[in-house]
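Please read the structure below before turning to the comments.
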Amino acid sequence: MHKVTDDGPATALELSQVSHVHANGVRALDTVDLLVRRAEFLTFIGPSGCGKSTLLRIAAGLVAPSQGAVRRADEDATAFVFQSATLMPWARVAKNVALPLELAGAPATDREARVAEALARVGLSDFAQALPRELSGGMQMRASIARALVIAPRLLLMDEPFGALDEITRGRLDRELLDLWQERRFTTLFVTHSLVEAVFVSSRVLVMSPRPGRIAAELVIDEPHPRDDGFRLSARFAALCGQLQSLMLRAGAA
Ligand SMILES: Nc1ncnc2c1ncn2[C@@H]1O[C@H](COP(=O)(O)OP(=O)(O)O)[C@@H](O)[C@H]1O
Ligand SMILES: [Mg+2]
């Protein structure tokens, strides 16, 4: 994997002809071509098992694709948020959030300030000394997002981050995430099963076909930001959900 040098600063990530076969012989991805612009909010939607998580892991550099090339502009400023908060259960929230900085060898004084800032940004300042089990599911995801933010990511990869939460909490976290994205302008790759969530948060949605995953269709959501409940309740929103549904049906993804 090498840095993007000749495509200018507009490109955050590029996948060329990426295919992947897992060690057990399962073909997860088939010739994926993808160009991600900086500060895009790009969402993948598709049936379970179609290779979305595999694609995100390849984009993160956690897995090398069996074929094709991956180029990332921000190798060292990539953060990953998973469906479960993956917090260390024995460690307090502040300690969990500090982990990436500790791993990077950041000085302790710097660490404290950055952890405090990240916790404040997700509304968890009062819970710095709590243990993960003392937090609700939504708060645990906020802590997980704080742990990602603490490294000031340029590329944020989120694999069904709110999929285990109730719909009301999910809607709230979607809005909070959009606020953060608008403020920090990190490039976001997001995976969800929810059509409504995809339309609400994304600047572009890619529909994946059943395994082996291919990018079957694209829907641009050119609604300006900030987006609020007015957008969610609009006829335009319903129309976009309808368009996405029909693209998914055509792709065999719904
Ligand atoms: N580490 C792995 N080893 C073997 N097979 C895997 C591995 N990870 C995923 N798979 C398989 O690859 C396919 C795609 O999986 P995944 O990328 O997790 O799909 P999705 O996230 O869209 O549900 C599935 O059939 C899954 O069982
Ligand atoms: Mg997955």
Side-chain angles (χ1 to χ4, degrees), residues 1 13-36 40-72 78-87 137-138 140-141 144-145 147-148 153 155-167 169-170 173-174 177 187-202 204-219 221 241 244-254:
M1 221 171 289
L13 174 75
E14 184 175 4
L15 271 61
S16 317
Q17 299 280 299
V18 164
S19 295
H20 191 68
V21 180
H22 285 292
N24 59 0
V26 171
R27 173 167 284 275
L29 293 173
D30 187 22
T31 38
V32 172
D33 279 312
L34 179 63
L35 192 71
V36 184
E40 254 199 283
F41 198 121
L42 180 62
T43 295
F44 298 92
I45 194 164
S48 184
C50 76
K52 303 181 294 296
S53 295
T54 303
L55 182 58
L56 240 57
R57 282 167 194 279
I58 287 173
L62 298 172
V63 170
S66 26
Q67 278 180 58
V70 180
R71 301 199 296 162
R72 276 189 302 152
T78 299
F80 212 121
V81 172
F82 300 93
Q83 176 169 7
S84 66
T86 64
L87 302 170
Q140 290 183 20
M141 278 319 301
S144 171
I145 291 170
R147 185 182 51 193
L155 178 63
L156 183 62
L157 302 150
M158 306 184 88
D159 194 354
E160 299 188 47
F162 311 139
L165 302 175
D166 65 83
E167 202 159 332
T169 307
R170 174 192 283 217
L173 286 172
D174 283 342
L177 175 62
T187 310
T188 307
L189 264 57
F190 191 86
V191 170
T192 182
H193 276 125
S194 163
L195 197 144
V196 169
E197 183 177 44
V199 169
F200 185 66
V201 297
S202 314
R204 187 158 64 113
V205 183
L206 297 177
V207 176
M208 290 180 68
S209 67
R211 192 180 64 242
R214 286 170 158 273
I215 293 170
E218 171 182 288
L219 182 66
I221 314 286
C241 289
L244 183 54
Q245 178 81 59
S246 89
L247 290 173
M248 289 171 69
L249 285 169
R250 252 181 274 160

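Position 1 is the first residue of the sequence; numbering continues from there. One-based numbering, in listed order, for ligands and for the atoms of each.
Contact between Ala79 and Pro153 at its shortest, heavy atoms only, is CB-CB, 3.9 Å. Minimum interatomic distance between Leu13 and Arg72 (heavy atoms only, all atoms of both residues): CD1-CG, 3.1 Å. Considering every non-hydrogen atom in both Val70 and Pro65, the closest pair reads CG2-CG, 3.9 Å. In this structure, Asp33 and Ser16 approach most closely via the heavy-atom pair OD1-CA, 3.3 Å.
For Ser246, the side-chain contact (heavy atoms from CB on, under 4.5 Å) criterion is met by Arg250, not counting sequence neighbours. Listed by chain and residue number, Arg37, Glu40, Leu42, Leu206, Glu218, Val220 satisfy the side-chain contact (heavy atoms from CB on, under 4.5 Å) test with Arg204 (two or more places apart in sequence, or in another chain).
Below 30°, between 30° and 60°, or above 60°: for His22 and His20 the angle between ring planes is above 60°, a perpendicular geometry.
Protein residues lining ligand 1, listed by chain and number: His22, Asn24, Val26, Ala28, Pro47, Ser48, Gly49, Cys50, Gly51, Lys52, Ser53, Thr54, Arg211 [non-hydrogen atoms, distance under 4.0 Å].
Judged by distance alone, with hydrogens and angles left aside, the side-chain atoms of Thr78 form no donor-acceptor pair with the main-chain N or O of Ala60 at under 3.5 Å. Remark: the backbone N or O of Pro47 is paired with a side-chain donor or acceptor of Lys52 at under 3.5 angstrom.
Counting only protein atoms, the N, O or S atoms lying less than 2.8 Å from the Mg ion (ligand 2) are Ser53 OG, ordered by chain and residue number.
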